Amino acid sequence: MKFVTRSKNYLSNQPEHVLQLDDAGKLHRELGFPRGRKIAKSIQRHPLLFETYRHSDGKMWLGFTDLMEELIAEEQSIMESMELDRVDKVRKLLMMSRFHRISLAKIHHCRNLFGIPDDFRDRVAKYPNYFRVVVDINDGKSVRVLELVKWDPLLAVSAIEKEFMVNEEAAKRKFNFPVKHGKDLDLECDDEKKLNLLNALPLVSPYSDGSKLDVWTLEAEKYRVGLIHEFLSLTLEKRASIHHLVEFKEEFSLTKHTYHMLVKQPRAFYLAGTEMNWVVFLKDGYDRNGVLIQKDPQVLFNEKLYKYAQIQEMEPGSDVGFENQLMD
């Protein structure tokens with residue numbers, strides 16, 4: 001659905017939500033269709049969402065269908081209703097980050113991961129009590145950086161800490177930090193598990209300064225594991241790719257051994273893909289059938305959009321028939 005998502009975002013920012021077809025054909029990266037292919041093929045796959053028409057100037061234009069315009073308005077309404085939630089997500093990201101600051105470009109690049117609106121860089125001005133935008137000079141270039149104005153102890157509580165207060169035993173079993181011991185101890189399996197539990201807790205809060213920890217210590221590993229757990233809990237779909245995590249490598253004091261670190265925590269995380277290109281899932285976020293348990297309104301909207309994208313034509317009759325087709 002790359003074409004649907006990217007084209008929706010790009011066209012939404014164009015005047016009248018339209019674009020000359022000749023110009024669109026050159027924007028394979030921005031619109032999400034394969035390089036070297038004609039955009040017309042991608043448009044034809046989603047006739048309920050995109051359409052082309054000939055303008056009075058004689059040129060062909062790409063735009064949204066009436067249905068897609070309704071969906072765009074619906075998504076905008078969701079963005080408005082969830083704005084404070086998204087603001088808190090960004091505040092928590094800043095509280096976890098080194099020096100409590102992240103470039104606006106990085107946040108924008110990963111905005112879909114957290115449901116952050118495209119125009120968030122403009123919206124931050126509405127929250128001077130939470131955010132401050134400063135300009136850094138990096139390699140001679142100006143970089144806009146978002147800084148945290150005020151620390152909020154009520155937000156500095158991780159998902160795993162909340163779980164610990166409800167179910168201490170479940171929280172203890174979630175992570176695995178084996179205690180190194182000699183084979184001559186000849187421990188039974190149950191005894192070894194009890195010994196390892198001594199290492200499981202307490203975790204190091206992801207809202208502490210991980211940059212001050214010795215990178216190869218157990219304490220530092222606990223910090224990084226807990227931070228990734230909290231990072232995933234903030235995402236819409238309780239998952240993230242290596243590319244998302246690498247984006248915040250410096251801010252979160254992560255190492256190049258993150259993949260191997262997570263592999264050792266199979267009760268908390270599920271990794272899919274190869275070692276060089278993987279996605280990590282928060283296991284608690286999914287049921288036994290691999291279905292997301294709690295769905296954010298933006299996730300529900302995305303599912304609805306993708307269902308429309310896969311339907312080639314509206315059933316004859318009425319919108320009711322079409323809604324039934326969508327449900328199927």
Side-chain angles (χ1 to χ4, degrees), residues 1-6 8-9 32 45-46 48-49 67-68 70-72 74-75 77-79 81-82 85-86 88-89 92-93 110-117 157-167 169-176 206 225-245 258-259 261-275 277-312 322-328:
M1 292 297 164
K2 184 187 296 184
F3 174 76
V4 172
T5 302
R6 292 193 181 181
K8 173 180 67 68
N9 294 339
R45 291 193 181 99
H46 314 290
L48 297 185
L49 304 181
L67 171 62
M68 187 60 155
E70 292 177 6
L71 291 171
I72 295 295
E74 180 182 339
E75 184 177 34
S77 176
I78 291 173
M79 289 290 186
S81 67
M82 299 300 293
D85 174 83
R86 305 320 190 216
D88 282 348
K89 286 181 185 291
K92 289 172 79 72
L93 287 173
C110 295
R111 64 192 182 282
N112 292 333
L113 196 67
F114 304 100
I116 298 171
V157 181
S158 67
I160 192 65
E161 288 175 305
K162 293 177 182 177
E163 181 181 350
F164 181 79
M165 289 184 282
V166 176
N167 191 337
E169 290 304 315
K172 286 182 178 180
R173 293 193 298 268
K174 189 178 299 294
F175 300 105
N176 179 34
V225 167
L227 186 144
I228 291 177
H229 187 281
E230 182 70 356
F231 182 87
L232 294 177
S233 74
L234 296 177
T235 64
L236 295 182
E237 297 186 353
K238 312 307 177 193
R239 62 171 179 166
S241 72
I242 177 178
H243 308 294
H244 294 133
L245 293 175
T258 298
Y259 176 85
M261 178 186 73
L262 296 178
V263 165
K264 295 189 296 183
Q265 307 294 340
R267 291 193 292 267
F269 308 110
Y270 173 77
L271 281 88
T274 65
E275 183 176 334
N277 187 20
W278 45 268
V279 175
V280 57
F281 294 77
L282 195 61
K283 276 195 169 182
D284 284 350
Y286 293 81
D287 63 21
R288 293 184 177 182
N289 296 316
V291 177
L292 196 62
I293 296 174
Q294 293 185 340
K295 295 185 178 181
D296 183 273
Q298 182 66 48
V299 173
L300 293 172
F301 171 83
N302 291 343
E303 291 179 349
K304 178 180 180 180
L305 174 67
Y306 297 155
K307 285 182 179 179
Y308 277 120
Q310 296 175 66
I311 298 174
Q312 291 299 304
F322 179 60
E323 289 296 333
N324 290 336
Q325 185 180 3
L326 178 63
M327 293 301 294
D328 293 338

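Keep in mind that this is a model prediction, so the values were computed, not measured.
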Spacing of CE belonging to Met68 relative to NE2 belonging to His46, to within rounding of 0.5 Å: 9.5 Å
When rounded to the nearest 0.5 angstrom, what is the spacing between CZ in Phe231 and CG in Leu245? 5.5 Å
Has [X] got a side-chain atom pairing as donor or acceptor with [Y]'s backbone, closer than 3.5 angstrom?
{"X": "Lys92", "Y": "Leu234", "result": "no"}
{"X": "Gln298", "Y": "Met79", "result": "no"}
{"X": "Gln294", "Y": "Gly285", "result": "no"}
{"X": "Asn289", "Y": "Val291", "result": "no"}
{"X": "Thr5", "Y": "Lys2", "result": "no"}
{"X": "Gln310", "Y": "Tyr306", "result": "yes"}

Using the side chain to side chain contact (heavy atoms under 4.5 Å, CB included) rule, take Leu113 and Glu237 through it: C-alpha gap first, then chi angles, then the decisive distance, then the call. CA-CA 8 Å; Leu113 196 67; Glu237 297 186 353; over 6 Å; no
Please report the shortest heavy-atom distance between [X] and [Y], naming the atom on each side.
{"X": "Ala309", "Y": "Val4", "result": "CB-CG2, 3.9 Å"}
{"X": "Leu292", "Y": "Lys295", "result": "O-CE, 3.7 Å"}
{"X": "Gly115", "Y": "Arg86", "result": "O-NE, 3.0 Å"}
{"X": "Asp287", "Y": "Ile293", "result": "N-CG1, 3.6 Å"}
{"X": "His229", "Y": "Ala159", "result": "CE1-CB, 4.4 Å"}
{"X": "Phe114", "Y": "Lys89", "result": "O-CD, 3.6 Å"}

Would you say that more than 12 heavy atoms from the other residues, nucleotides or ligands in this model lie under 6.0 Å from the OH of Tyr259, or not? yes
So which of His244, His243, Arg239 actually passes side chain to side chain donor-acceptor pair (under 3.5 Å) with Ser241? His244
Could you check whether the rings of Phe175 and Phe269 sit parallel, tilted or perpendicular, using 30° and 60° as the cut-offs? tilted
4.5 Å side-chain heavy-atom contact, [X] and [Y]:
{"X": "Glu230", "Y": "Leu227", "result": "no"}
{"X": "Leu271", "Y": "Val279", "result": "no"}
{"X": "Lys304", "Y": "Leu71", "result": "yes"}

Test side chain to side chain contact (heavy atoms under 4.5 Å, CB included) applied to Ile228 and Met261, step by step: CA-CA 11 Å; Ile228 291 177; Met261 178 186 73; 3.8 Å; yes
Result of checking Leu232, Ile242, Val263 against Val280 for side-chain contact (heavy atoms from CB on, under 4.5 Å): Leu232
Would you call Asp296 and Lys238 a salt bridge, using N to O less than 4.0 angstrom? no
Taking NZ, NE, NH1 and NH2 as the nitrogens, is one of them in Glu75 or Lys8 under 4.0 Å from a carboxylate oxygen of the other? yes
Check the pair Tyr286 / Phe281 against ring-ring contact (aromatic ring centres under 6.0 Å, His included), numbers first and verdict last. CA-CA 9 Å; Tyr286 293 81; Phe281 294 77; 5.7 Å; yes
Evaluation steps, side chain to side chain contact (heavy atoms under 4.5 Å, CB included), between Lys264 and Val225: CA-CA 10 Å; Lys264 295 189 296 183; Val225 167; over 6 Å; no
Side chains of Glu74 and Ser77: any donor to acceptor distance under 3.5 Å? no
Taking it one step at a time, do Arg6 and Asn9 satisfy side chain to side chain contact (heavy atoms under 4.5 Å, CB included)? CA-CA 5 Å; Arg6 292 193 181 181; Asn9 294 339; 5.8 Å; no
